[in-house]
A.B. asks: 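Here it is, the structure in full.
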Amino acid sequence: MSFSSYDAWLFKEGTNYSLYNLLGAHLDGDKGCHFALWAPNAKSVSVIGDFNHWQPSQNKLHLEDKSVGIWEGFVREVKRGDKYKYHVVSHDGQYAMDKGDPFATFWEAPPGTASIVWDLSFNWQNTRRPSNDLTSPMAIYEIHHPSWRRVPEEQNRPLTYLELAQMLPQYLRDMGFTHVEFLPVMEHPFYGSWGYQTCGYFAPSSRYGTPQEFMYLIDSLHTAGIAVILDWVPSHFPTDVHGLAYYDGTHLYEHPDSRRRMQPDWNTFLFNYDHPQVQSFLISNALFWFEKYHIDGLRIDAVSSMLYLDFSKGPGAWMSNIYGGHENLGAIQCMQKLNRQVYQCYPHAQTIAEESTA
């Protein structure tokens, strides 16, 4: 598995929508693991982890495509469950940091910050809910899973994915709901954000179980006739050093101009939607949850903060678009491309925008 010249061309164009099959950590049976990372402004990238005692000198990746900045390498004897990070050194050598994998499908439970080598094999029993379209009635139950029910006998802990699968589907059927909408399940370092400060965009939180156990929960809901909507946060991301922020020693995922970089309400970084590669990352992520987790819809968070450059910003704190307006043209284009691709690939899906400026 490698990043071809055609893959690179699509990536630079902002239309490579299956990046999760190309970037990240991919096991090759028991032979080892192929790693691939986008870090165009890095001087060097190494994989560090359990398999090499976290030593940057052991497994250096090679810059396979200089035009797009893809680093690749194969590491033998890496196995499912191994923890890892990328040791990234900036082009000028002034920045060196151990970063999580933006495409990791499993992460160490916080406060740990390592990515985990994993696979997404699962024997699905049920398909998506066939009546998930606008001609059918919809009654949506919104849930913050860790708050829904607790286990008081065990220090009031949240339910696991498997425990939730035993309780939630029947509860929703009894209450007459057709859909369940989960507040963000993607991995996040700060529990108090309720998942809205996403760090691991391709991984359900390991606080409550494995990816396969989350798949089992979705499968159980589908068996009960309940469609699944995931809350998705393409608007902003946290500044934690192990995450996307300042990834290769430059503002790679966030905008280089400070007037477009920060979301003052949440003290988070805004995605740079003008960057085609960032558009590919976000749209690939949305499609990933449909393909790999068989979800039925996405509730897209904080859309207004994406679409308007002056959202929550006073005079002089924001930068207009090329026409002098306050519309974020890159974000508009990204959302248009997202919807076209989702409905083309999954005609019965639903994408829902949250608009809360009022």
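Predicted model only: the values in this text are computed from it and were never measured. Reckoned from all heavy atoms, side chains included, excluding hydrogens, waters and symmetry mates.
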A.B. asks: Is the closest side-chain donor-acceptor distance between Asn41 and His91 under 3.5 Å?
C.D. replies: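 There is no such pair (donor and acceptor under 3.5 Å, judged by atom type) between the side chains of Asn41 and His91.
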A.B. asks: Minimum heavy-atom separation for Ser18 to Ser284, with atom names?
C.D. replies: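 That would be N-OG, 3.4 Å.
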A.B. asks: Do you know which two heavy atoms are closest between Pro169 and Ile226, and how far apart they sit?
C.D. replies: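 Where Pro169 meets Ile226 most closely, the heavy atoms are O-CG1, 4.5 Å.
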A.B. asks: Distance alone, cut at 3.5 Å: any donor-acceptor contact between the side chains of Thr268 and Gln263?
C.D. replies: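 No pair is found: no donor N or O on one side chain lies under 3.5 Å from an acceptor on the other.
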A.B. asks: Would a 4.5 Å heavy-atom cut-off, applied to side chains only, mark Ile322 and Leu329 as touching?
C.D. replies: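 SC-SC contact between Ile322 and Leu329 confirmed.
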A.B. asks: Answer yes or no: is there a side-chain heavy-atom contact under 4.5 Å between Leu19 and Ile283?
C.D. replies: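 SC-SC contact between Leu19 and Ile283 ruled out.
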A.B. asks: Pick from Ile300, Thr351, Thr198, Asp301: which one makes a side-chain contact (heavy atoms from CB on, under 4.5 Å) with Trp232?
C.D. replies: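 Result: among Ile300, Thr351, Thr198, Asp301, Ile300 is the only option passing the side-chain contact (heavy atoms from CB on, under 4.5 Å) with Trp232.
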A.B. asks: Working to the nearest 0.5 angstrom, can you tell me the gap between Ser121 OG and Met215 CE?
C.D. replies: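 That separation rounds to 7.5 Å.
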A.B. asks: What orientation do Phe103 and Phe281 show, parallel under 30°, tilted 30 to 60°, or perpendicular over 60°?
C.D. replies: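 The rings of Phe103 and Phe281 stand perpendicular, inter-plane angle above 60°.
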A.B. asks: Kindly state whether the ring of Trp266 and the ring of His236 have centres lying under 6.0 angstrom apart.
C.D. replies: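 They qualify: ring centres under 6.0 Å apart.
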A.B. asks: Applying side-chain contact (heavy atoms from CB on, under 4.5 Å), run through Val117 and Leu27 and close with a yes or a no.
C.D. replies: CA-CA 8 Å; Val117 176; Leu27 287 166; 3.6 Å; yes
A.B. asks: Give the C-alpha distance, both sets of side-chain angles, the deciding distance and a yes or no for side-chain contact (heavy atoms from CB on, under 4.5 Å) between Tyr346 and Ile295.
C.D. replies: CA-CA 10 Å; Tyr346 306 99; Ile295 67 166; over 6 Å; no
A.B. asks: Mind checking whether Phe202 and Leu22 sit in one hydrophobic cluster, side chains of I, L, V, M, F, W, Y counted as touching below 4.5 Å?
C.D. replies: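 Shared cluster, yes.
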A.B. asks: Measure the CZ-CG distance between Phe182 and Leu217 for me, rounded to the nearest 0.5 Å.
C.D. replies: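 Atom-to-atom, Phe182:CZ and Leu217:CG are 4.5 Å apart.
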A.B. asks: Would you give the length of the straight line joining atom CG of Leu309 to atom NE2 of His255, rounded to the nearest 0.5 angstrom?
C.D. replies: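 Here the interatomic distance stands at 8.5 Å.
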A.B. asks: Quick one: does Gln212's side chain have a donor or acceptor within less than 3.5 Å of a partner on Asp119's backbone?
C.D. replies: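 Pair found, side chain donor or acceptor close to backbone of Asp119.
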A.B. asks: Under 6.0 Å between ring centres: does that hold for His326 and Tyr308?
C.D. replies: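 They qualify: ring centres under 6.0 Å apart.
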A.B. asks: Linking I/L/V/M/F/W/Y whenever their side-chain heavy atoms sit closer than 4.5 Å, directly or via other members, would Leu183 and Phe214 fall into one cluster?
C.D. replies: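 Unlinked, Leu183 and Phe214 end up in two clusters.
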A.B. asks: With a 3.5 Å distance limit and no angle check, can you tell me whether Gln170 reaches the backbone of Met167 through a side-chain donor-acceptor pair?
C.D. replies: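 Checked: no pair found.
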A.B. asks: Assess the residue pair Tyr84 and Phe35 against the criterion (ring-ring contact (aromatic ring centres under 6.0 Å, His included)); give the C-alpha distance rounded to whole Å, side-chain angles, the decisive distance to 0.1 Å, and a yes or no.
C.D. replies: CA-CA 11 Å; Tyr84 73 101; Phe35 294 92; 5.3 Å; yes
A.B. asks: Test side-chain contact (heavy atoms from CB on, under 4.5 Å) on Val303 and Glu355 and set out the steps.
C.D. replies: CA-CA 6 Å; Val303 168; Glu355 207 290 333; 5.9 Å; no
A.B. asks: Does one hydrophobic cluster hold both Leu287 and Leu10, with members joined at side-chain heavy-atom distances below 4.5 Å?
C.D. replies: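 Different hydrophobic clusters.
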A.B. asks: What do you reckon, is NZ of Lys12 surrounded by more than 12 foreign heavy atoms closer than 6.0 Å?
C.D. replies: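 Above 12, so yes.
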A.B. asks: What I'd like to find out is whether the side chain of Phe290 reaches to under 4.5 Å of the side chain of Val342, using heavy atoms alone.
C.D. replies: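 Yes, close enough: below the 4.5 Å cut-off.
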A.B. asks: Without swapping roles, check the side chain of Asn321 against the backbone of Asn328 for a donor-acceptor pair under 3.5 Å.
C.D. replies: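 Looks like no, no N/O pair under 3.5 Å.
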A.B. asks: Got a donor-acceptor contact below 3.5 angstrom from the Glu187 side chain to the Ser206 backbone?
C.D. replies: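 Answer holds: yes.
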A.B. asks: Tell me whether the centres of the aromatic rings in Tyr247 and Trp38 are closer together than 6.0 Å.
C.D. replies: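 Ring centres of Trp38 and Tyr247 not closer than 6.0 Å.
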A.B. asks: Grab the two heavy atoms, one from Tyr86 and one from Gly100, that are nearest each other, plus how far apart they are.
C.D. replies: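 Smallest interatomic distance, heavy atoms only, reads CD1-O, 4.3 Å.
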A.B. asks: Determine whether the side chains of Asp231 and Tyr196 contain a donor N or O and an acceptor N or O closer than 3.5 Å.
C.D. replies: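 Judged by distance alone, the side chains do pair up.
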A.B. asks: Check Glu77 against Asp82 and note the closest heavy-atom contact, atom names and distance.
C.D. replies: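 Closest approach of Glu77 to Asp82, heavy atoms only: O-OD2, 4.3 Å.
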A.B. asks: Give a yes or no answer on whether the side chain of Tyr246 reaches the backbone of Gly249 with a donor-acceptor pair at less than 3.5 Å.
C.D. replies: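 Yes, because the side chain of Tyr246 sits within donor-acceptor range (under 3.5 Å) of the backbone of Gly249.
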A.B. asks: Using the ring of Tyr273 (Phe, Tyr or Trp, six-membered ring only), decide whether Arg260 places NZ or CZ under 6.0 Å from its centre and within 45 degrees of its axis.
C.D. replies: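 That pair does not qualify as a cation-pi contact.
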A.B. asks: What are the two closest heavy atoms between Arg150 and Pro152, and how far apart are they?
C.D. replies: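 The answer is O-CD, 3.3 Å.
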A.B. asks: Between CZ of Arg340 and SG of Cys345, what distance do you get to the nearest 0.5 Å?
C.D. replies: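 One gets 12.5 Å once the value is rounded to the nearest 0.5 Å.
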A.B. asks: Checking the side chain of Glu154 only, and the main-chain atoms of Val151 only, is there a donor and an acceptor separated by less than 3.5 Å?
C.D. replies: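 No.
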A.B. asks: When you measure from the side chain of Ser46 to the backbone of Pro56, do you find a donor-acceptor pair of N or O atoms at a distance under 3.5 Å?
C.D. replies: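 Flag set: sc Ser46 to bb Pro56 pair under 3.5 Å.
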A.B. asks: Would you say CG of Asp174 has more than 12 non-hydrogen atoms from neighbouring residues, nucleotides or ligands within 6.0 angstrom?
C.D. replies: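 Atom CG in Asp174 is crowded, with more than 12 foreign heavy atoms closer than 6.0 Å.
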A.B. asks: Enter the distance from Ile229:CD1 to Leu298:CG here, rounded to the nearest 0.5 Å.
C.D. replies: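 Going from CD1 on Ile229 over to CG on Leu298, the span is 9.0 Å.
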A.B. asks: Using modelled atom types and a 3.5 Å cut-off, is there a donor and acceptor pairing between side-chain atoms of His188 and backbone atoms of Met186?
C.D. replies: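 Checked: pair present.
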A.B. asks: Compute the centroid of each ring, for Tyr208 and then for His145, and state whether the two points are separated by less than 6.0 Å.
C.D. replies: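 Centroid separation for Tyr208 and His145: below 6.0 Å.
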A.B. asks: Centre-to-centre under 6.0 Å for Tyr171 and Trp148, is that the case here?
C.D. replies: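 Between Tyr171 and Trp148, the centre distance is under 6.0 Å.
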A.B. asks: Under the criterion side-chain contact (heavy atoms from CB on, under 4.5 Å), I'd like the reasoning laid out for Glu254 against Asn272: C-alpha separation, chi angles, the key distance, then a yes or no.
C.D. replies: CA-CA 5 Å; Glu254 66 272 19; Asn272 181 6; 5.8 Å; no
A.B. asks: Is Tyr253 reachable from Ile70 through a run of hydrophobic residues whose side-chain heavy atoms are each under 4.5 Å from the next?
C.D. replies: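 Yes.
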A.B. asks: Of all the heavy-atom pairs spanning Asp248 and Thr250, show the shortest one and how long it is.
C.D. replies: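 Looking at all heavy atoms of both residues, the shortest contact is OD1-OG1, 2.5 Å.
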A.B. asks: Specify whether Phe271 and Phe237 have parallel, tilted or perpendicular ring planes, treating 30° as the upper limit for parallel and 60° as the lower limit for perpendicular.
C.D. replies: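 Phe271 vs Phe237 ring planes: tilted.
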A.B. asks: Please determine which of His242, Lys99, Glu108 meets the side-chain contact (heavy atoms from CB on, under 4.5 Å) test together with Lys85.
C.D. replies: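 Exactly one option meets the side-chain contact (heavy atoms from CB on, under 4.5 Å) with Lys85, and it is His242.
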A.B. asks: For Phe288, does the CZ atom sit with more than 12 other heavy atoms under 6.0 Å from it, leaving out its own atoms?
C.D. replies: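 Atom CZ in Phe288 is packed in, count exceeds 12.
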A.B. asks: Decide side chain to side chain donor-acceptor pair (under 3.5 Å) for Glu72 and His62; before the verdict, give the C-alpha distance in whole Å, the side-chain angles of both, and the deciding distance to 0.1 Å.
C.D. replies: CA-CA 5 Å; Glu72 295 187 76; His62 304 286; over 6 Å; no
A.B. asks: Test your reading of the model: is there a side-chain donor-acceptor pair from Gln55 to the backbone of His53, 3.5 Å cut-off?
C.D. replies: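 At least one qualifying donor-acceptor pair exists.
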A.B. asks: Does atom NZ of Lys43 have more than 12 heavy-atom neighbours, drawn from other residues, nucleotides or ligands, at distances under 6.0 Å?
C.D. replies: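 Not more than 12 within 6.0 Å, no.
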A.B. asks: Taking CZ in Arg173 as the centre, count heavy atoms belonging to other residues, nucleotides or ligands within less than 6.0 Å. Is the count above 12?
C.D. replies: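 For Arg173, atom CZ is not crowded (no more than 12 foreign heavy atoms under 6.0 Å).
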A.B. asks: Between Ser280 and Asn16, is the side chain to side chain donor-acceptor pair (under 3.5 Å) condition met? List the steps.
C.D. replies: CA-CA 5 Å; Ser280 283; Asn16 193 321; 6.0 Å; no
A.B. asks: What about Trp9 and Val68, same hydrophobic cluster or not, with Ile/Leu/Val/Met/Phe/Trp/Tyr joined at side-chain heavy-atom distances under 4.5 Å?
C.D. replies: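 No, Trp9 and Val68 fall in different hydrophobic clusters.
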A.B. asks: Hey, could you give me the CG/CG distance between Asp101 and Leu37, rounded to the nearest 0.5 Å?
C.D. replies: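 So the CG of Asp101 and the CG of Leu37 are separated by 6.5 Å.
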A.B. asks: Cationic tip of Arg80 within the cone over Trp118's six-membered ring, i.e. under 6.0 Å and within 45° of the normal?
C.D. replies: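 Cation-pi check for Arg80 and Trp118: passes.
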A.B. asks: Any side-chain to backbone donor/acceptor pair from Asp219 onto Trp124? Under 3.5 Å, distance only.
C.D. replies: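 The answer is no, because no donor-acceptor pair under 3.5 Å joins these two groups.
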